[in-house]
Colleague: 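Okay, here's the structure, questions in a sec.
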Amino acid sequence: MLELNDLAVTLPDGTHLFDPLSLRVPKGCVTTVMGPSGVGKSTLLDAIGGQLAPGFGMAGRIVLDGRDVTRERPEKRNIGIIFQKSALFPHLSVGQNLGFGMPRRHRDRRSRIEAALTDAGLAGMADRDPATLSGGQTARAALMRGLLAEPAAILLDEPFSALDATLRDEIRGFTFAHLRNAGIPALMVTHDDQDARAAGGPVVALNAKGRP
Amino acid sequence: MTLPARILPARILPALILTALLLPIGAGLWQTALAAMGHLPAIGARGPDLAPLRALAATPGIGRAVWLSLFTGAAATALSFALALASAMAITRRGHGGRLLAPLLAMPHAALAIGLAFVMAPSGWIARAIAPVVGWDRPPDIASIGDPFGLSLIAGLTVKEFPFLLLMMMGACAQIPLQRHLRAGRALGASEGRLWLALILPQIWPLMRLPVLVVLAYSMSVVDVALILGPSNPPTLAVLLTRDYADPDLSRLLAGSAGSLVQLALVGAAAGLLLLTQRVAASLGGAWVMRGAPAPGAGPVMAGLRWTATAATLAGFAAMAALAMWSVAWRWPFPDLLPQDPSFRIWARSLDGWTTPLWNTLLLAGGSTAIALIAAIAWLECETRTGRRAPWAEAAIFVPLLLPQIGFLYGVNTAALQAGLAPGLWLIVWGHVIFVFPYVMIALSDPWRAMDPQHLRVASALGAGPWRRLLAMRLPVMLRPILTAAAIGIAVSVAQYLPTLFLGAGRIPSLTTEAVTLAASSDRRVTGVVATMQAALPLLGFLIAFVIPAYLHRNRRGLRGA
């Protein structure tokens, strides 16, 4: 369960980006945050992931499975992120990419990676150069990389907007099915109604900070 | 959220690096100033008095030496800039070119100067080429190198410096919407030359100011090139001072120090003049543009400059070839164009002469480049972790390149001795780092800042901490720029003459000091061997910097052409 309590972000000049936000995302649910561009949707995810640019301020609390992670370093939060341009690391093979975040306790890394690749329709591509994958293959591999890290929550930043229309439905279905199966709370920001409908979860509107 | 305890080291590390670079310069300047005022207890001189200044003023030829430094430095800088501008125009129009200049960029100044001497000397290649035509059977009696006006020195400096300014200029052009402006300008019917003078030059000048000042300071105070190609009696000020510092009469150290202050003032005045010219040009330029920016003759002038640039490039390549040719020449009588029975006998014969300098050069280049590279990576990683840049600190990195080396290096030696540090290999390494670090930073900082930050954010979301992000993401992705920066560092270190000479107290020969010493001797073949090696080392560095990523990334398309 991912909980946000009165989360607010301030710009370097002290102005608030949006009205304080409170929400709870249970396991296996994809909650969608929608809002006009410029309202700070990506910044919200930065705050949750602990990756706010220097100068930004934050108020409120982020609680993950009962653990307050508000002051935690990003790499200790166990919150995964999928970006719009889900680029794989260019210097690693596809398989190495998938293994990058996998917890170290696992002994059967190779077979887990193979299984994830097969699941994503990428069987036998572990040694491939990520630059040789198609857009859809890359998107699926990036999702698998995020899931293999076994995050306690996952953030999706306009995850499908860079894909062309024919691919978008397919990757959407693939992504949401896997998130539900994994039983991970997921928070998606998007400006696309279809994303929100396909996610099937609650939709929260992010409002620009009301004038006093 | 920022956690001060974790961020603090990242805040102070750049300051530490800067201190290590600038402290010796500050101490060197201070000691030089003291000695210039007659205070150098090590040789029993206790000032202050004006005797050193008087001794300097009484030095034969001092006035002309000052004038020569100013003239050759300013002329070489102006000519290099003009050639770079004309070449940039040509490259922009053709859409490619300039790659040929890479070997000239890598080549150490001394080796290039020696090679040019081999080409331009009365018994050099040019004279040999025209000998059959004009009927020479012995080298003509003309001062084609070391001429009293320093023209051959200007030519030598220009061959080396215009490719550097061109490289910087192409970088500057990439920062502005060059093609859009040119297209718009052409549509208004302006000629190419007018467009560059009225439209492009004012835009790129702010980015070119620092490189031009570096070239100016360097050209006005260079010692090795001036020893090889410059006039000898009187020489340029920097050469005169080097002689003073090496004089068996220790009191000349004081006069030399006074001269160092003059050299500093001279470079400062020239830089001031350049900035003043820029102001005047900026204010007059507005009126000139209002009058329609008439540039009569700009076309032919630019064409002439372009031909000169081509000639300078050819001369540079001829110089490289001449070095290699002389190193394998057993007999090469005038006016033959090629040596008789080429062989490696001279290489084998002079083995004892070049093994120690070669090892020293490798140690100095390897040591100083490794230190500079680690410092640069540390500096940039601090920037990444704190998310902050310190503009004043970034500007301070370039101070060593803007000061004439002769102005403070002997003082560094004095300061080191006073601090109980013996001159030697590690002191030279420190000295080299001061000059290698700025270039490594120039090479590394743009690719570093341009790396897609999303990779690092994804990595941290996958649980990678700052060190794993650096070691498993940043450094492997940046392998190519890192190795290129290392190759540049090696080239800069191999080219150093004065730091090696002064900070090693003349007792640690490198290929550079050896080549410069040999250049004054009569045996061109041994000079050719040492200078060829000096020129080959940086090229080898660049070759390795090209081959390693090409091999390691052969299956990583995303990292190629980056």
Side-chain angles (χ1 to χ4, degrees), chain A residues 42 45-58 69-94 96-104 127-133 138 142 145-151 153-155 157, chain B residues 1-8 10-11 382-390 447 449-483 548-562:
Chain A
S42 290
L45 293 194
D46 288 347
I48 300 170
Q51 312 221 28
L52 277 178
F56 280 83
M58 192 179 85
V69 298
T70 315
R71 306 268 151 213
E72 202 64 88
R73 292 203 232 172
E75 65 268 19
K76 304 265 170 151
R77 294 190 182 201
N78 209 13
I79 298 178
I81 187 150
I82 304 286
F83 282 112
Q84 176 185 133
K85 276 200 180 156
S86 46
L88 295 176
F89 303 144
H91 63 303
L92 301 177
S93 69
V94 174
Q96 287 167 333
N97 259 283
L98 264 65
F100 189 89
M102 195 190 293
R104 255 161 241 200
D127 294 326
R128 283 273 288 270
D129 175 1
T132 64
L133 297 191
T138 305
R145 177 179 65 181
L147 292 175
L148 283 177
E150 298 172 18
I154 205 155
L155 309 172
D157 190 353
Chain B
M1 294 293 93
T2 51
L3 296 179
R6 209 171 64 228
I7 296 293
L8 192 63
R11 285 277 164 76
C382 288
E383 190 181 297
T384 303
R385 290 192 192 181
T386 58
R388 280 178 192 227
R389 293 174 62 172
R449 289 172 191 143
M451 185 176 135
D452 189 351
Q454 211 167 75
H455 288 313
L456 295 169
R457 316 180 92 196
V458 170
S460 62
L462 289 170
W467 286 101
R468 190 164 172 227
R469 292 202 293 272
L470 175 66
L471 298 174
M473 280 294 312
R474 175 70 85 167
L475 297 184
V477 167
M478 295 200 46
L479 179 70
R480 187 210 295 257
I482 287 171
L483 289 177
I548 291 180
Y551 175 75
L552 289 179
H553 295 162
R554 64 194 180 285
N555 286 328
R556 294 290 177 265
R557 216 171 56 198
L559 292 176
R560 261 180 275 148

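Please read all numbers here as calculations on a predicted model, not as lab measurements. The chains referred to below are lettered A, B, ... by the order of the sequence lines, with proteins before strands, and numbering in each begins at 1.
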Colleague: Is the number of heavy atoms from other residues, nucleotides or ligands within 6.0 Å of CZ (A/R104) greater than 12?
Modeller: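 Result for CZ/A/R104: open.
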Colleague: Specify the closest pair of heavy atoms between A/F100 and B/A459, including all atoms of both residues, with the distance to one decimal.
Modeller: CE2-CB, 3.9 Å
Colleague: When you compare the side chain of B/R557 with that of A/P130, does any pair of heavy atoms fall below 4.5 Å?
Modeller: no
Colleague: How close do B/A461 and A/Q51 get, heavy atom to heavy atom, and via which atoms?
Modeller: N-NE2, 4.0 Å
Colleague: Looking only at heavy atoms and a cut-off of under 4.5 Å, which of A/S93, A/A47, A/G55 has the most pairs with chain B?
Modeller: A/S93
Colleague: Using every non-hydrogen atom in the two residues, find where B/G558 and A/A131 come nearest and quote the distance to one decimal.
Modeller: N-CB, 3.5 Å
Colleague: How about B/R388: does its CZ atom have over 12 heavy atoms from other parts shown lying under 6.0 Å from it?
Modeller: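 Result for CZ/B/R388: open.
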Colleague: Any side-chain heavy-atom pair from B/S460 and A/R73 closer than 4.5 angstrom?
Modeller: no
Colleague: Please report the closest heavy-atom contact between A/G146 and B/L462, naming both atoms and the distance.
Modeller: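 Scanning both residues completely, I find the closest heavy atoms to be CA-CD2, 4.0 Å.
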Colleague: Let me know if B/R468 has heavy atoms under 4.5 Å from chain A in its side chain, its backbone, both or neither.
Modeller: side chain
Colleague: Check whether any side-chain N or O of A/H91 sits under 3.5 Å from a backbone N or O of B/L475 as a donor-acceptor pair, and report yes or no.
Modeller: no
Colleague: With a 4.5 angstrom heavy-atom cut-off, which part of A/L92 approaches chain B: side chain, backbone, both or neither?
Modeller: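 Contact with chain B involves the backbone of A/L92 alone.
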Colleague: Working to the nearest 0.5 angstrom, can you tell me the gap between A/F89 CZ and B/L456 CG?
Modeller: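 The CZ atom of A/F89 sits 8.5 Å away from the CG atom of B/L456.
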Colleague: Please give me the minimum heavy-atom distance between B/R556 and A/P90, naming the atom from each residue.
Modeller: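 What the structure gives for the nearest pair is CD-O, 3.1 Å.
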Colleague: Flag the pair A/F83 / B/V458 as yes when at least one side-chain heavy-atom distance between them is below 4.5 Å, and no otherwise.
Modeller: yes
Colleague: Please flag which part of B/H553 lies under 4.5 Å from any non-hydrogen atom of chain A: side chain, backbone, both or neither.
Modeller: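 Interface part for B/H553: neither.
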Colleague: Of the backbone (N, CA, C, O) and the side chain (C-beta and beyond), which part of A/I81 lies under 4.5 Å from a heavy atom of chain B, both, or neither?
Modeller: both
Colleague: Mind checking the CZ-CG spacing from B/R457 to A/D157? Nearest 0.5 Å is all I need.
Modeller: 8.5 Å
